[in-house]
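Step one of this worksheet: look at the structure below.
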Amino acid sequence: MSDYVNQVTHPVTNSRTTNKESAIPRSLLGSLIGPTWIWLVLFMLLPMLLMFLMTFRTEAFNWREWEFTFENYRKFIETPSYHRLLLRSVWMAFVVAALSVVAAYPVAYVVAFQAGRWRNLMIMLLIVPAMSSFLLRVLAWRIILGSSGLLSTVLLGLGIIDEAAPILLYTPTAVIITLVYVWLPFAALPIAVALNQIEPNLLEAASDLGAKPYATFLRITLPLSMPGVIAAFLFVFIPTLGEYVTPALVGGPEGVMIGNIIWDQFSRALNWPMGALLSMAMLLIVLIPAGFISLYSKISRERAGNYD
Amino acid sequence: MSDTIIELRNISKQYRNPDGGMVDALYPADLSIYAGEFFTLLGPSGCGKSTTLRIMAGFEAATSGDILIKNQSMLKVPAYHRPVNMVFQDYALFPHLTIAKNVEFGLEMKKVPKSEREDRVQAALDMVQLNGLERRKPNQLSGGQRQRVALARALVNEPSVLLLDEPLGALDLKLRRAMQAELKQLQQQVGITFVYVTHDQEEALAMSDRIAVMDGGRYLQVDTPQEIYEHPSTRFVADFIGETNFISATLNSHVADLANVQIGSQAVGVVYRANGIYPGDEVTLAIRPEKLRLEQNANGTELPQLTGTLEQAMYLGTDTRFVVRMETGESLVVREQNQMVNDFRPTIGDAVQVQFTAEDARILTD
């Protein structure tokens, strides 16, 4: 995925540098990359390995008594509630990511094409809320979505609804609304970057060839901004899948996500092996789409050739 | 001449500067382009030639005036409904579509039936000799090939007018010359009106039926290449197109179409074509280097001639380029063809006479 994001933000430099012979001698290159490898092994591969080993244990804390077992896997396979939870989490992450992208696209479009000299200010305004506490922003939605909250009061006052609002708070919908709000600016930025890279004369050319504005958008603008759309989708999908704070605060019993169960396994049940297993399962789910997209972008780049 | 296909009536364009001031990109002017001609807008960058083209294409709205294409006002017609197509400077090919899809785009937008589309795309690609590359993407083609795709993509729509915005600007010199000949041939073959924007005066002279020379948002002269070369209307035109000698002079008198001008201590007769100047006025004589001849002495000719000293001689193969310093201190460039074996060959430092015919010198008043 990082490769993909790289391509989104630096498509030119990326394609130029891949084919070039490195000017740095091999020995020096080794010593330059060395620290990166150490860092990766220490903070990425080693913890992953430990977590993977944990899934085969029954006892989390006593490392001396090593008992290799598939018991956790058996339990995971035999417990449908885990599967349901995983599926629901994937579904919610998908909905949140899709809605964020749909909601962010017009914002990105305005920033890229219509903001003119206000562009930097608009980007600032998008980012500013993200500087306040995440917890605070989630809690704010409790006030808005609550049964005597802002939303229901306004709807009641306008006469759109007659009684106190159908309960929005403590539902999966509340989680989705809150998370779309939280992620929207982060989804807008990669899309805006991708839109910004579209040569304006391509849009003129489409218009010149008889394409009405919506046809120009569907045939030229949207396909050319797809790298940004995919990046935005992943930016939202991946962290949402592991989300546990928002479901805990606004989700209620139906809004529980896999992240909450993992959190429970580690902190309350003290069942680290099961928590590790669920984490690995979640990781696999994230890796599948990321792998597909990385493969797809590699193929499309190869197909495009390197004549430039 | 033939029918007018594009008519600009009093068209002008103003831009707002970032600091709030207004900039005149085009001063109000009329311009008529005739059906089937190769018309060139020529001028340095920032002269308004691209703005003129973009107003025709519909990418920019004129500040005032009206534009008619085939006798219909285009003021309220958006770019996607105008019967013109454009070839962009950097081609603007759609990078995510194949060559065939690029060329097909315009036909698809006009909802031409699928089978007819395919035939027309093939014909267009044949015309620009690109068959076989249908399934490539634009970034798999060379600059010259992309240029041809851009041409095919525009011509496949059979527009009334093809607008070309410096289409050869990104090509190297050799390819450029080859494409010039090809473009000209293509234009004669399809019979579509071409409106061509360039800053390359050689290109303009070689390809155009008529040229509009532009500078600072004004159309300085609109005429055939020959008229513009032989009879430039202003100092800018004379200077921009080819090489020109400018000689400061004072008008002594004029009778009918013959004028007598004073250059230093010498008085010479030239053809008078200007208006609104009177004896005693300062004028400029413009004369092309190849219209001047070097002679050893005055030899009693009736031709206008100027006395000077040979300062420089450069042998250039087909011709020799001389620089002569006149008594007034101004210098003249003389180009003589190297065809006559026994021609007069002065050496540097020689006193020489520079002769010309009265029609070849042009009086400019600016």
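Convention: sequence-line order gives letters A, B, ...; per-chain numbering from 1. No hydrogens, no waters, no symmetry mates; every other heavy atom, side chains included, goes into these values.
- Most heavy-atom pairs under 4.5 Å with chain A, from the set B:Gly106, B:Pro78, B:Ser142, B:Ala154: that is B:Gly106.
- Heavy atoms of B:Gln89 lying under 4.5 Å from chain A are absent altogether.
- In this structure, A:Leu224 CG and B:Leu97 CG are separated by 8.0 Å, a value rounded to the nearest 0.5 Å.
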Chi angles and distances behind the side chain to side chain contact (heavy atoms under 4.5 Å, CB included) call for B:Arg54, A:Glu204: CA-CA 10 Å; B:Arg54 292 173 60 80; A:Glu204 282 179 353; 2.5 Å; yes
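- No more than 12 heavy-atom neighbours from other residues, nucleotides or ligands sit within 6.0 angstrom of NZ on B:Lys70.
- Atom CE of B:Met22 sits in a crowded spot, with more than 12 heavy atoms from other residues, nucleotides or ligands closer than 6.0 Å.
- Within 6.0 Å of the CZ atom in A:Phe94, the count of heavy atoms belonging to other residues, nucleotides or ligands does not exceed 12.
- Here the straight-line distance linking atom CG of A:Asp208 with atom CZ of B:Arg153 works out to 8.0 Å at 0.5 Å rounding.
- With a 4.5 Å cut-off on non-hydrogen atoms, B:Leu93 touches chain A through its backbone but not through its side chain.
- For A:Arg117, no part lies under 4.5 angstrom from a heavy atom of chain B.
- Counted within 6.0 Å of CD on B:Gln72, heavy atoms from surrounding residues, nucleotides or ligands total 12 or fewer; the atom is thus considered open.
- Of the residues considered (B:Arg82, B:Met86, B:His81), B:Met86 shows the highest number of contacts with chain A, using heavy-atom pairs under 4.5 Å.
- Taking both residues in full, the closest heavy atoms of A:Ala211 and B:Phe105 are given as CB-CE2, 3.8 Å, listed atom of the first, atom of the second, then distance.
- The local environment of CG in B:Asp172 is crowded, with over 12 non-hydrogen atoms from other residues, nucleotides or ligands closer than 6.0 Å.
- Counting heavy-atom pairs closer than 4.5 Å to chain B, the top-ranked of the candidates A:Asn201, A:Leu203, A:Thr216 is A:Asn201.
- Contact annotation for B:Asn157: only side-chain heavy atoms (C-beta onward) come within less than 4.5 Å of a heavy atom of chain A.
- Contact of A:Ala215 with chain B is made through the side chain alone, with heavy-atom distances under 4.5 Å.
- Between B:Met109 and A:Leu209, the shortest heavy-atom contact is CB-O, 3.7 Å.
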